[in-house]
Amino acid sequence: MQNTSPLLQVEQVCKSFGTNQVANEVSFSMAKGEIGCLLGPSGCGKTTLLRVIAGFEAIDKGLVQINGKVVSTPILNVPPENRSIGMVFQDYALFPHLTALQNIEFGIRGKTSRLRKEKVKTMLDLVGMAEAADKYPHELSGGQQQRVALARALAPEPELLLLDEPFSNLDALLRDRLTVEVRDILKELGTTALMVTHNQHEAFSVADKIGVLFYGTMQQWGNAYDVYHRPASLEVATFVGDGALVTGVVTGPGQVESGLGLLKGNLSLPCESGCEVDLLVRPEDVLHVDHAQVQARVLHKSFRGPNILYQLELPSGEQCRALVSSHHNHTIGDYIGIFPEVDNLVVFPKNLTIQP
Amino acid sequence: MNATQNTWPWKVLLAVILIGMAAAIYGSVKKIDYEWRWYRVPQYFVYQGEEVHKIPFDGRITAVVANGDVSTVTMTSESDEVKTVTVDTKTIKVSEGEDLFVGDTVGFTATWHLGPLVKGLWTTMWLSAISSVLALAIGLCTGLARISKNYTVNMLAAIYVEIIRGTPLLVQIFIAYFFIGTVFNLSRNVAGVGALALFAGAYVAEIVRAGIQSIPRGQMEAARSLGMTMPQAMMDIVLPQAFKRILPPLSGQFISLIKDSSLVSVIAITDLTKSGREIITSTFATFEVWLVVAAMYLLVTSLLSQLVFYMERRLAISD
């Protein structure tokens, strides 16, 4: 039990469009000042969930609370304007007939003109857009529009900021820079924010807590480290990060015998000896040691600058990948020695298939 | 550069075609031996009418003072009542000291009067203007009703639009005047304006609906997430943007309305078309009058499209 009540609480929310269930018993909560991220493939229901929290969609079952106030139940739907939320849209949805300054000023119409002026100036400085204040949205680049959209959403000082795929329309370089900037701005203001994305790198660089959604079901809600290293389900394990599944047999407490040799570490599931499992092997866990016991054949390689990602065939016939420093340049068909270094043995019961 | 250099042969071709068509029409008209009487037309725009000044009593002309083109005539009655009138010098029928009986003509003054074509044009314009404003109001309400989530409101709007769009305007005007006008004792002008406004309103409603729906949903949602209620967001964010997009189809609708207003002549409103018909009955200058009437409609509609074009450019600044 937490000492302070969470700022956002989502409890067993269900939502369907016709026969298509887009949210199924979803529950999570966020503390004040936290940045959360809903991650999942397209069509997993993450945007719908965000729209539910914003008040644009009614729910069939469950409860949403913002700062202790119930805002959504099956019979109650507080309209978006009364929820004290801010929202940044995927296409930014800036008002085309208003300048950047007027866009930002829009949410604080009720304030006195002196307060408005001050606030707009603060926001423009915060997002580094002071020079473009009098430009219309069509005169701004994608990144600038994004900044204005953020400033506009933050100007009324919402209790909760919602971001719907905010970086998906930007090029990769700008995206990397802006994700860090946005996180800094949110942390500086102490804003609680919930973002939706299908891009795990964005999620990792922005969020304190990540929720992985599949088919409308929350698979895992936790910090980035846990989601990556202790995935709660096969879906999370394969969606987040780059990994291969290798068959293994549990031979003792914290021991798995597999195509990569004998691995020791903390088992993610309590398995008895003799239990057949699928083991998650991440490329960075597979080290290249020339005279290692296990020799694997290079099937394919892709050069990534500082390192090379090798697709390897194990003696057992299974495949895995290894991320190796690019000094070790092998050709396809070579046999290279590999050594697994895994602390957390992420295992799943054998032959568990992902439910479509 | 290439494009501009290569347009002149096409301009020549266009001129040749237009001249050819004009010549063909001219030739055809020559064959039927029509006598053009263009000189009869101008008097139906403006004409000079003469006002008669008569003496209101039995009496004597006591003074005639010429003052350039006009003269002041002073008359004194047998009971010493004095009256002065001003008439055109050229038309004076009396001289000083002359005795007159009541009703004798003293002189005339010439004044300019607006002819039936101008009066008809004026009727057409105010009829269209009032109908347009009403149609815009009706169309806006109905358009909003058409996107309403409320079933009743939505269906009422849909039924209205379907009925209006599915029946001819001429029939609607007859119903408005002869049926509804009789039941509610409406004047022909009210019935005419009402029929035109209801007719155009249905089309405006569809234009407004399409315009609002063309604005991305995010605009409304962004406004609401910034604390605006739905009606506020509609007024301040969606409608201003929608208006810009619907301006061209809306102007087309109003141009149609000006032209369609010619149909109200069937309920004896003396608009431009009816004036034209009346002039023809007295002059038999059928060709001239209809051509002039068409040109006058064209003038008004062209001015309106120029105005809209100008507004579009003004509004396009933020795009």
Side-chain angles (χ1 to χ4, degrees), chain A residues 47 50-51 53-58 77-100 102-111 134-140 145 148-165 169, chain B residues 136 140 143-145 147-154 207-251 308-319:
Chain A
T47 295
L50 197 76
R51 294 173 55 78
I53 295 166
F56 295 126
E57 306 283 355
N77 192 23
V78 175
E81 61 266 25
N82 297 337
R83 289 191 175 209
S84 185
I85 51 144
M87 192 153 177
V88 176
F89 294 84
Q90 187 170 3
D91 57 0
Y92 318 132
L94 291 177
F95 305 132
H97 59 308
L98 303 178
T99 62
Q102 290 167 331
N103 263 282
I104 296 170
E105 206 175 24
F106 189 83
I108 45 174
R109 299 172 306 282
K111 304 261 171 36
D134 294 320
K135 288 192 172 169
Y136 284 97
H138 72 276
E139 298 170 310
L140 301 173
Q145 290 188 27
V148 174
L150 184 67
R152 180 181 71 175
L154 286 172
E157 297 171 15
E159 281 170 2
L160 176 66
L161 181 72
L162 303 169
L163 303 106
D164 185 8
E165 305 246 7
N169 289 334
Chain B
L136 193 61
L140 196 60
L144 288 170
I147 55 168
S148 162
K149 285 185 182 125
N150 183 301
Y151 180 81
T152 314
V153 171
N154 194 323
I207 293 170
V208 167
R209 180 183 63 81
I212 291 172
Q213 284 175 341
S214 78
I215 303 301
R217 196 175 56 166
Q219 291 287 317
M220 169 63 87
E221 293 182 346
R224 296 198 68 191
S225 74
L226 289 167
M228 274 205 156
T229 61
M230 193 158 88
Q232 277 178 324
M234 188 56 88
M235 287 303 292
D236 288 10
I237 297 297
V238 178
L239 284 181
Q241 291 181 54
F243 180 70
K244 225 186 276 185
R245 294 196 187 181
I246 65 178
L247 199 55
L250 212 52
S251 70
V308 171
F309 182 61
Y310 171 75
M311 277 172 75
E312 264 178 71
R313 273 188 311 182
R314 281 287 304 274
L315 286 171
I317 290 167
S318 66
D319 279 337

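Given the structure is predicted, the values throughout are model-derived calculations rather than measurements. By convention in this document, chain letters (A, B, ...) are assigned in the order of the sequence lines, proteins followed by strands, and residues within each chain are numbered from 1.
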*asked:* Working note: B/Ile237 + A/His97, criterion side-chain contact (heavy atoms from CB on, under 4.5 Å); need CA distance, chi angles, decisive distance, verdict.
replied: CA-CA 8 Å; B/Ile237 297 297; A/His97 59 308; 4.0 Å; yes
*A/Phe56 versus chain B, heavy atoms under 4.5 Å apart: side chain, backbone, both or neither?*
side chain
*Taking it one step at a time, do B/Met228 and A/Arg109 satisfy side-chain contact (heavy atoms from CB on, under 4.5 Å)?*
CA-CA 10 Å; B/Met228 274 205 156; A/Arg109 299 172 306 282; 3.4 Å; yes
*Would you mind checking which part of A/Ile108 comes under 4.5 Å of any heavy atom in chain B, side chain (CB onward), backbone (N, CA, C, O), both or neither?*
neither
*Reported CG-to-OG distance for the pair A/Leu160 and B/Ser225, which is rounded to 0.5 angstrom*: 11.0 Å
*Pairs of heavy atoms under 4.5 Å with chain B: top-ranked of A/Phe89, A/Phe95, A/Tyr92*: A/Phe95
*asked:* Tell me which of these, A/Glu139, A/Arg152, A/Arg83, has more heavy-atom pairs under 4.5 Å with chain B than the rest.
replied: A/Arg152
*Region of B/Ala223 that comes under 4.5 Å of a non-hydrogen atom in chain A*: both
*Could you tell me which portion of A/Ala153 (side chain, backbone, both or neither) has an atom closer than 4.5 angstrom to a non-hydrogen atom of chain B?*
backbone
_Check: A/Pro79 and B/Met230 side chains under 4.5 Å, non-hydrogen atoms_ = no
*asked:* Can you tell me which portion of B/Gln241 sits under 4.5 Å from chain A's heavy atoms? Options are side chain, backbone, both or neither.
replied: side chain
*Taking all non-hydrogen atoms of both residues, which atom of B/Gly218 and which atom of A/Ala93 are closest, and how far apart?*
O-CB, 3.6 Å
*Answer yes or no: is there a side-chain heavy-atom contact under 4.5 Å between A/Arg51 and B/Glu221?*
yes
*Do any N or O atoms from the side chain of A/Glu81 and from the backbone of B/Leu226 form a donor-acceptor pair under 3.5 angstrom?*
no
